[in-house]
**Q** 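My structure is below; once you've seen it, I'll send some questions.
Counting convention: from 1, in listed order, for ligands and their atoms alike.
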Amino acid sequence: MRSVIDILDLTVDEIDELISTAEDMIENPSAYTEKCKGKKLATLFFEPSTRTRLSFEAAMLEMGGSVIGFSQASSTSTTKGETIADTSKVISCYADIIAMRHPKEGAPFVASLNASIPVINAGDGGHCHPTQTLADLLTIHREQGRLNNLVIGFCGDLKYGRTVHSLISALSRYENVTIILISPEELKLPGYIKYGVIEKCGMKYVETDDLDEVIGDLDILYMTRVQGERFVDKDEYLRLRDKYILTAEKMKSAKESMSVLHPLPRVNEISVKVDSDPRACYFKQVYNGKFMRRALILKLLSEAAQDPKKKESDLYNSENLINVIKCPNSACITTTEQEIDHIFRPIDKAKGIYRCAYCEAKEKYFNN
Ligand code: CP
């Protein structure tokens with residue numbers, strides 16, 4: 001029995017298998033209507049959502065299962081001070097699987113450490129969003145016929161755009177994928193993805209702030225919303241939010257075979273006039289997302305039925321720093337939850353570089 005907190009919790013073979021299952025669900029819907037009969041999904045959404053929560057719920061209902069949950073923290077006992085750890089133990093008494101979204105980075109990971117049922121990360125702050133990545137991968141596969149040999153441009157808020165972080169991590173395991181990072185200086189990709197994923201695995205990448213300069217080279221253009229809710233400085237958000245707007249005019253410079261993706265919600269970074277362009281795939285992504293979530297729920301419930309024992313966590317590995325330093329990231333779950341052990345994994349011990357096990361923020365530590 002295991003959880004999916006990061007897209008790298010799934011192997012490439014498992015992602016291939018999920019894509020095949022999702023394709024089969026699309027082709028043969030009647031074969032799956034009873035697959036989750038008697039099973040219950042809990043959707044614990046501490047942060048707003050339209051697609052992710054409702055697609056998880058639709059996915060479970062369409063497979064004959066049932067759903068409980070909440071869509072805002074204000075209606076839960078979190079307001080009285082209940083921790084994620086306790087909430088997860090409680091929900092494990094009511095449901096068979098959890099999908100959790102939370103504004104704090106690492107919160108679903110904390111839930112997975114405490115729940116006795118599988119936990120799926122449905123988005124944790126600006127950190128990651130693995131099931132959106134599953135939707136993205138199925139869309140790319142269906143539109144381009146491959147996940148290798150692609151040039152993918154990520155445009156907009158690469159700093160807080162959790163869907164970007166997860167999709168780049170996923171693509172790092174495919175052959176000959178070139179990443180074009182298109183953002184203003186203030187919204188560049190965080191180091192744990194740029195250095196920890198792209199450079200570490202030797203992916204080709206380019207950084208630019210000019211969409212017009214690169215749009216003609218792309219197989220995929222992945223547009224993103226500037227995530228106003230994550231900015232500390234609201235003036236900076238207002239200054240940056242309209243930096244990139246994809247228009248029908250700009251689309252004239254793109255390849256005929258290019259696909260435009262966007263995790264949605266869109267604000268105004270893609271003109272509605274682009275929606276009728278056959279290259280606009282963002283509503284197909286929504287459709288595909290439900291089937292990948294169906295496939296994932298089915299896989300994790302099947303695994304849990306075969307082996308209900310929880311997968312051992314490697315958190316207390318002797319290489320890790322345990323309660324030695326604290327996370328510097330104010331968005332990390334360790335800054336608000338009581339009594340969570342502060343755990344850092346070594347990245348480069350000789351240089352004293354460690355990363356928080358919950359949010360991946362980098363910190364330096366030397367044991368002198
Ligand atoms: N893509 C996505 O996560 O959308 P929601 O915020 O509506 O769930």
**Q** Before we go on, tell me: are the rings of Phe344 and Tyr354 under 6.0 Å apart, centre to centre?
**A**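 Here the rings of Tyr354 and Phe344 have centres that are no less than 6.0 Å from each other.
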**Q** Below 3.5 angstrom, do we get any N/O pair linking Pro265 and ligand 1?
**A** no
**Q** List the closest protein heavy-atom neighbour of atom 4 (O) of ligand 1: residue, atom name, distance to the nearest 0.1 Å.
**A**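 Result: Arg51 NE, 3.0 Å.
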**Q** Taking N or O atoms only and a 3.5 Å limit, does Arg162 qualify as a polar contact for ligand 1?
**A** no
**Q** Just heavy atoms, cut-off under 4.0 Å: does Thr163 contact ligand 1 by side chain, backbone, both, or neither?
**A** neither
**Q** Can you tell which of Ile91, Asp124, Ile84, Thr87 makes a side-chain contact (heavy atoms from CB on, under 4.5 Å) with Met100?
**A**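 The residue from Ile91, Asp124, Ile84, Thr87 that satisfies side-chain contact (heavy atoms from CB on, under 4.5 Å) with Met100 turns out to be Ile84.
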**Q** For atom 3 (O) of ligand 1, state which one of His262, His129, Gln132 supplies the nearest heavy atom.
**A** His129
**Q** Quick check on Glu47 - does any of its heavy atoms sit under 4.0 Å from an atom of ligand 1?
**A**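 In this structure, Glu47 fails to qualify as a contact of ligand 1 - no heavy atom is under 4.0 Å.
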**Q** Using a 4.0 Å cut-off to any heavy atom of Thr50, which atoms of ligand 1 qualify?
**A**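 In order of numbering, the contacting atoms are 5 (P), 7 (O), 8 (O).
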**Q** Salt bridge between Glu269 and Arg266, side-chain N to carboxylate O under 4.0 Å?
**A**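 No salt bridge links Glu269 with Arg266.
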**Q** Are His165 and Tyr160 close enough that their ring centers fall under 6.0 Å?
**A** no
**Q** Determine, for Phe56 and Arg293, whether the Lys NZ or Arg CZ falls below 6.0 Å from the six-membered ring centre while staying within 45 degrees of the axis.
**A** yes
**Q** Walk me through whether Thr139 and Asn288 qualify under side-chain hydrogen bond (donor to acceptor under 3.5 Å, both in side chains).
**A** CA-CA 6 Å; Thr139 307; Asn288 292 335; 2.9 Å; yes
**Q** Tell me the protein heavy atom at minimum distance from atom 6 (O) of ligand 1, and give that distance in Å.
**A**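 Result: Arg101 NH1, 2.9 Å.
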**Q** Using a 4.0 Å cut-off to any heavy atom of Thr52, which atoms of ligand 1 qualify?
**A** 2 (C), 3 (O), 4 (O), 5 (P), 8 (O)
**Q** Could you list the atoms of ligand 1 found under 4.0 angstrom from a heavy atom of Leu264?
**A** 1 (N), 2 (C), 4 (O)
**Q** Check whether any side-chain heavy atom of Thr224 sits under 4.5 Å from a side-chain heavy atom of Val164, and report yes or no.
**A**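 Contact flag for Thr224/Val164 side chains = yes.
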